[in-house]
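Step one of this worksheet: look at the structure below.
Chain letters run A, B, ... following the sequence lines, proteins first, then strands; residues in each count from 1.
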Amino acid sequence: MNTIDLEKTTLREVNQRLQGLPAETNERLWKLTNPHGEHACAVGLTAPIEVHIDGHIGYYCAGMNQKAKVVIHGQCGVGVAENMMSGEVVVKGTASAAAGATGQGGLLVIEGDAGTRCGISMKGIDIVVKGSVGAMSAFMAQSGSLVVCGDAGANLGDSIYEAKLYVRGTVESLGADCIEKKMTPHHLEKLGRLLKSAGIDADPKSFRRYGSKRSLYNFHVDNVDAY
Amino acid sequence: MCGIVGLFLKNPALQPELGKHLETMLIGMSERGPDSAGIAVYHSAVPEGQSKITLFNADTNYHWHKLAGDLADALNVETDIDQKGNHARLVAHCPEDRVLPWLRANHPDVRIMGYGQLMEVYKDVGLPADVAARYGLAGMEGSHAIGHTRMATESAVTTEHSHPFTPASDMCLVHNGSLSNHNNLRKWLRKKGQEFETDNDSEVAARYFAYRLSEGASLKEAMEAGLTDLDGFFTFTMGTKDGFAVLRDAIACKPAVLAENDDWVAMASEFRSLAYLPNIEKAKIWEPAPATVYTWSLH
């Protein structure tokens with residue numbers, strides 16, 4: 001394992017070193033120590049490496065991730081794994097607002113709670129939260145899945161498109177055009193797979209599913225000409 | 001843009017280290033506020049019947065000792081003055097409601113930064129590290145402290161618009177955000193007898209909470225009332241003689257992170273300011289929820 005101490009090496013050097021690794025690199029396991037809440041740590045990775053961040057971290061950690069696995073052994077700030085393309089990001093503590101924002105692929109696992117706007121404008125990412133999510137989560141969610149093992153705050157899934165939301169606890173309120181939907185065997189199977197890949201032992205049958213009613217302006221056939 | 005920090009010590013054994021930790025927290029917010037910084041520290045209480053007032057005059061050669069002497073003669077009380085940078089800490093052996101009118105009437109050239117029996121307030125231009133060093137923050141013991149760093153975007157780098165705002169005895173507020181109904185609220189508060197020193201929206205929030213507390217509301221009740229009456233964006237951190245409160249608006253777009261363990265509670269705009277607190281790695285750390293009042297009290 002390669003260990004880099006962020007007290008001794010600048011964040012810019014660390015990011016450049018990780019970003020510069022070729023896809024076939026043998027240096028696959030990395031540990032970053034003393035992160036002290038730095039912003040934009042381990043962003044833009046493209047090689048299939050595994051990076052462990054040993055402590056609490058700041059904004060936009062593991063943003064734009066492709067193929068890499070980033071594990072944060074602590075709490076993370078705003079926008080963890082924002083616009084992730086593929087790979088996996090695991091947060092062992094809690095996450096602040098906008099976790100997984102605009103994510104296009106990959107898996108984001110948050111073992112604690114996530115703040116407000118978790119999965120805002122998600123575009124294909126799968127997000128599994130072991131705890132609860134804050135208000136306005138999955139706002140304008142377009143594709144992908146948000147799994148919440150705890151509770152969801154107010155206005156879940158406001159103006160949602162095609163993303164699938166699964167919540168085990170209570171939902172404070174649903175946002176505009178977000179409704180509860182039937183849990184079919186197909187959804188149970190998909191949810192089961194997501195929980196398993198996140199390493200969470202929970203019965204898919206104990207969840208409820210939410211999604212788009214498809215009744216807002218952009219879904220109405222009369223408005224097709226406007227596009 | 002600005003950064004706010006607050007530290008509230010639950011374990012009295014940590015009190016000698018209050019200033020040292022707040023200094024680290026303040027420096028952590030240098031990138032969010034490199035232009036000026038302000039601190040309010042609750043420490044070294046004066047005895048009952050005495051008052052402590054922090055004063056400001058831009059001239060570091062200001063005749064502070066003459067002011068203290070004149071005050072002593074006029075009110076026939078003992079006074080003590082200690083200059084720090086362009087500030088001075090005045091202690092008078094009488095309640096503040098005798099000292100403040102005299103200062104306002106006889107020294108309009110001096111700005112009253114804060115008053116009470118505990119709170120001292122210093123605000124100055126420069127990097128947070130330089131301001132902290134100038135006022136000897138690291139050496140200040142005490143129970144709780146609040147700080148603010150400012151990046152000036154809409155108005156000049158001056159001390160009068162700087163936080164913390166100190167609307168009442170031993171009370172201070174820092175604010176990240178902007179209020180949209182401050183003009184109406186200011187009018188309403190003026191009718192209720194509150195006097196304003198600036199046109200700043202954060203001062204309106206500070207005096208709003210001061211008014212609620214003066215009407216008998218608890219810290220929690222005052223903050224809850226603010227959720228109804230204050231319209232706009234805010235992350236507030238407020239200190240009172242024995243209390244500490246954090247409040248965010250319902251949209252919560254102004255950043256905040258809280259950390260707590262058995263020894264202390266800390267608030268900051270970003271985790272960077274909390275990174276060096278003792279035992280932070282084992283503390284509970286979370287983002288305060290929108291429209292939710294968080295309060296702590298020494299008693």
**Proximal component of B/Ala250, with respect to chain A [non-hydrogen, under 4.5 Å]** = backbone
**Prompt:** With under 30° as parallel and over 60° as perpendicular, where do the rings of B/His163 and B/Phe165 fit, or are they tilted in between?
**Reply:** perpendicular
**Prompt:** Any chance NZ of B/Lys220 has more than 12 other-residue heavy atoms, nucleotides or ligands included, within less than 6.0 Å?
**Reply:** no
**Proximity breakdown for B/Leu274 and chain A, heavy-atom pairs closer than 4.5 Å** = neither
**Request:** Side chain from CB out, backbone as N, CA, C, O: work out which of these in A/His73 comes under 4.5 Å of a heavy atom of chain B, or both, or neither.
**Result:** neither
**Prompt:** Quick check: does any side chain N or O of B/Ser269 sit under 3.5 Å from a backbone N or O of B/Ile4, one acting as donor and the other as acceptor?
**Reply:** yes
**Request:** Please answer whether the main-chain N or O of B/Met25 pairs with a side-chain N or O of B/Ser273 as donor and acceptor at a distance below 3.5 Å.
**Result:** yes
